[in-house]
Amino acid sequence: MIRPARPAEKPAVRALQSLLDHRAPALLEAAFDAGAGDVLVATNEGAVVGYALAVPGDEAVYLAELAVAPGVRREGYGRRLVASLSENYDGFDQLRVTVAADDDGARAFYTACGFWELDRIENRFDDEDGLLLLRRLS
């Protein structure tokens with residue numbers, strides 16, 4: 001099931017965030033505490049097994065983070081989180097995400113979800129280049 005995160009699930013989401021190579025703990029806290037973004041969770045039998053952190057802008061929604069627990073990867077949770085974000089933000093033109101340029105797995109995942117490369121960003125991740133990927137929503 002995909003749904004908005006509940007305040008009590010913040011520790012579970014933080015634990016998943018710790019799996020990411022590039023994370024924004026302050027943004028996640030702001031999303032939970034001040035509504036500075038939206039956090040969706042994927043659950044399995046009541047347990048949080050994945051999350052997506054999205055921040056809406058003027059025309060685009062930026063997918064800041066997406067993580068799925070290692071034991072349930074490749075079971076469709078990530079795809080369902082992206083699909084849910086796309087549905088929730090259907091009034092926006094684009095869903096964007098930045099991935100490390102050398103992260104073949106992330107690029108393949110987002111390509112399978114309908115994203116395409118918009119731009120290369122030099123030194124985006126601690127001296128690593130990033131790729132800005134885009135998915136049209138309208």
Side-chain angles (χ1 to χ4, degrees):
M1 167 190 273
I2 307 297
R3 60 170 173 72
R6 299 176 181 140
E9 293 167 328
K10 191 189 315 186
V13 172
R14 270 198 229 126
L16 288 169
Q17 185 185 50
S18 72
L19 301 172
L20 298 174
D21 290 334
H22 308 286
R23 50 191 169 271
L27 181 58
L28 182 62
E29 291 298 314
F32 266 106
D33 299 339
D38 296 309
V39 182
L40 296 181
V41 293
T43 61
N44 181 9
E45 297 180 8
V48 174
V49 296
Y51 82 97
L53 170 59
V55 180
D58 291 334
E59 297 176 359
V61 176
Y62 186 72
L63 175 53
E65 295 180 346
L66 185 140
V68 175
V72 294
R73 288 185 183 155
R74 300 194 176 275
E75 293 184 20
Y77 292 105
R79 285 188 305 276
R80 288 195 296 272
L81 284 162
V82 169
S84 186
L85 284 173
S86 298
E87 291 169 15
N88 291 354
Y89 290 111
D90 64 353
F92 287 80
D93 292 337
Q94 306 168 356
L95 180 60
R96 294 179 175 203
V97 64
T98 304
V99 300
D102 64 353
D103 189 339
D104 295 335
R107 287 192 358 244
F109 168 76
Y110 286 111
T111 297
C113 289
F115 287 79
W116 51 273
E117 185 178 333
L118 180 65
D119 197 11
R120 186 177 193 95
I121 305 167
E122 290 186 29
N123 299 317
R124 171 63 175 88
F125 299 107
D126 302 322
D127 295 328
E128 292 180 51
D129 288 355
L131 298 176
L132 178 60
L133 308 179
L134 176 140
R135 175 180 170 163
R136 292 267 180 223
L137 297 179
S138 57

K.L.:
To the nearest 0.5 Å, what is the distance between CG on L19 and CZ on R14?
P.N.:
14.5 Å
K.L.:
Search all heavy atoms of V68 against all heavy atoms of G78 and return the closest pair with its distance.
P.N.:
CG2-N, 3.8 Å
K.L.:
Any side-chain heavy atom of H22 sitting closer than 4.5 Å to one from R124?
P.N.:
no
K.L.:
Applying salt bridge (Lys or Arg N to Asp or Glu O under 4.0 Å), can you list everything that pairs with D104, at least two apart in sequence or on another chain?
P.N.:
R107
K.L.:
With hydrophobic residues grouped by side-chain heavy-atom distances under 4.5 Å, do L131 and L66 end up in a single group?
P.N.:
yes
K.L.:
For R96, check side chain to side chain donor-acceptor pair (under 3.5 Å) against everything at least two apart and list the hits.
P.N.:
Q94
K.L.:
Give me each pair satisfying side chain to side chain donor-acceptor pair (under 3.5 Å) with a member in residues 48-76, each pair once, sequence neighbours excluded.
P.N.:
Q17-E65, Y51-E65, Y62-T98
K.L.:
Does one hydrophobic cluster hold both L132 and L134, with members joined at side-chain heavy-atom distances below 4.5 Å?
P.N.:
yes
K.L.:
For atom CG of N123, decide whether the heavy atoms of other residues, nucleotides or ligands shown that lie under 6.0 angstrom number more than 12.
P.N.:
yes
K.L.:
Can you list the residues that meet the side chain to side chain donor-acceptor pair (under 3.5 Å) rule with R79, with sequence neighbours excluded?
P.N.:
none
K.L.:
Would a distance-only check, ignoring hydrogens and angles, find a side-chain to backbone donor-acceptor pair under 3.5 Å from S86 to V82?
P.N.:
yes
K.L.:
Go through the structure and list residues passing ring-ring contact (aromatic ring centres under 6.0 Å, His included) with F32, not counting sequence neighbours.
P.N.:
none
K.L.:
State, with a plain yes or no, whether a side-chain heavy atom of F109 is found less than 4.5 Å away from one of V97.
P.N.:
no
K.L.:
Could you tell me which residues satisfy salt bridge (Lys or Arg N to Asp or Glu O under 4.0 Å) with D33, sequence neighbours excluded, listed by chain and number?
P.N.:
K10
K.L.:
List the atom of L27, the atom of A64, and the distance in Å for their closest heavy-atom pair.
P.N.:
CD2-CB, 3.7 Å
K.L.:
Ignoring hydrogens, what is the shortest heavy-atom contact between A5 and V41? Give both atom names and the distance.
P.N.:
CB-CG1, 3.6 Å
K.L.:
Sequence neighbours excluded, which residues qualify as salt bridge (Lys or Arg N to Asp or Glu O under 4.0 Å) partners of R3?
P.N.:
E9
K.L.:
Please name all residues satisfying side chain to side chain contact (heavy atoms under 4.5 Å, CB included) with A54, sequence neighbours left out, ordered by chain then number.
P.N.:
V61, L85, Y89
K.L.:
Given side chains that start at C-beta, do those of V39 and L53 come closer than 4.5 Å, heavy atoms only?
P.N.:
yes
K.L.:
State which residues pass side chain to side chain donor-acceptor pair (under 3.5 Å) with D93; sequence neighbours excluded, sorted by chain then number.
P.N.:
S138
K.L.:
Which Ile, Leu, Val, Met, Phe, Trp or Tyr residues join F125 in one cluster when any pair of side-chain heavy atoms under 4.5 Å counts as a link?
P.N.:
none
K.L.:
Under a single-linkage definition using a 4.5 Å side-chain heavy-atom cutoff for Ile, Leu, Val, Met, Phe, Trp and Tyr, are L16 and V49 assigned to the same hydrophobic cluster?
P.N.:
no
K.L.:
For G50 and L81, which heavy atoms make the closest approach, and how far apart are they?
P.N.:
C-CD1, 4.0 Å
K.L.:
Closest heavy-atom contact between A42 and I2?
P.N.:
CB-CD1, 3.5 Å
K.L.:
Which atoms form the tightest heavy-atom contact between V55 and A36, and what is the distance?
P.N.:
CG1-O, 3.9 Å
K.L.:
Any link between L118 and I121 through a network of hydrophobic side chains (Ile, Leu, Val, Met, Phe, Trp, Tyr) touching at under 4.5 Å?
P.N.:
yes
K.L.:
According to side chain to side chain donor-acceptor pair (under 3.5 Å), does anything in residues 113-122 pair up with another residue at least two apart or in another chain? List the pairs.
P.N.:
R120-D129
K.L.:
The criterion is ring-ring contact (aromatic ring centres under 6.0 Å, His included); which residues satisfy it with Y77, sequence neighbours excluded?
P.N.:
none
